[in-house]
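Worksheet: the structure to be examined is printed underneath.
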Amino acid sequence: MILITGYLNFTAVFDKIHLMKLSGNNEGLEELKFIRENKLFYLKYLLKEAQTGTYRTTEFKGQDGRKKFRLKYFPDKDEFVVEKIDENPSS
């Protein structure tokens with residue numbers, strides 16, 4: 001798993017300028033960038049779901065429909081973390 005940390009400006013997502021800290025799986029972050037460019041309303045949904053859900057998480061699939069990712073929100077840090085979900089979990 002490759003970890004990168006950075007701030008992305010989601011000005012297009014929100015009416016006001018809001019910087020969000022995103023870190024985690026590099027592939028998952030690239031998928032979020034693709035979603036931001038092509039499916040803006042879906043990105044809004046993912047972010048709100050992660051922020052307001054009971055477990056502060058939501059899941060989404062990559063462009064190929066096979067890779068799955070989990071987006072977690074940590075309100076104390078105001079940070080989102082992307083994890084890749086293992087397709088073949090060990091028993």
About how many Å separate NZ of K33 and CD of E31, when rounded to the nearest 0.5 Å?
11.5 Å

Tightest non-hydrogen contact, residues F60 and L71, listed as CE2-CB, 4.2 Å

Find the distance between CD (Q51) and CZ (R56) and round it off to the nearest 0.5 Å.
8.0 Å

Where do L32 and L46 come nearest, in terms of heavy atoms and distance?
CD2-CD1, 4.3 Å

Measure the CD1-NZ distance between I35 and K44 for me, rounded to the nearest 0.5 Å.
14.5 Å

Let me confirm one number: the NZ-CD distance from K39 to Q63, rounded to the nearest 0.5 Å.
8.0 Å

How long is the gap from CZ on R36 to CG on L29, to the nearest 0.5 Å?
11.0 Å

Going only through I, L, V, M, F, W and Y residues with side-chain contacts under 4.5 Å, is there a path from L22 to Y42?
yes

Going only through I, L, V, M, F, W and Y residues with side-chain contacts under 4.5 Å, is there a path from I85 to F69?
no

Could you walk me through whether K77 and K21 pass side-chain contact (heavy atoms from CB on, under 4.5 Å), step by step?
CA-CA 9 Å; K77 299 177 186 176; K21 187 172 182 184; over 6 Å; no

Transitively linked via ILVMFWY side-chain contacts under 4.5 Å: F80 with F34?
no

Any salt bridge linking E59 with K68? Criterion: basic side-chain nitrogen under 4.0 Å from a carboxylate oxygen.
no

Passing candidate, side-chain contact (heavy atoms from CB on, under 4.5 Å) with Y73, options L47, D78, T52, T57
D78

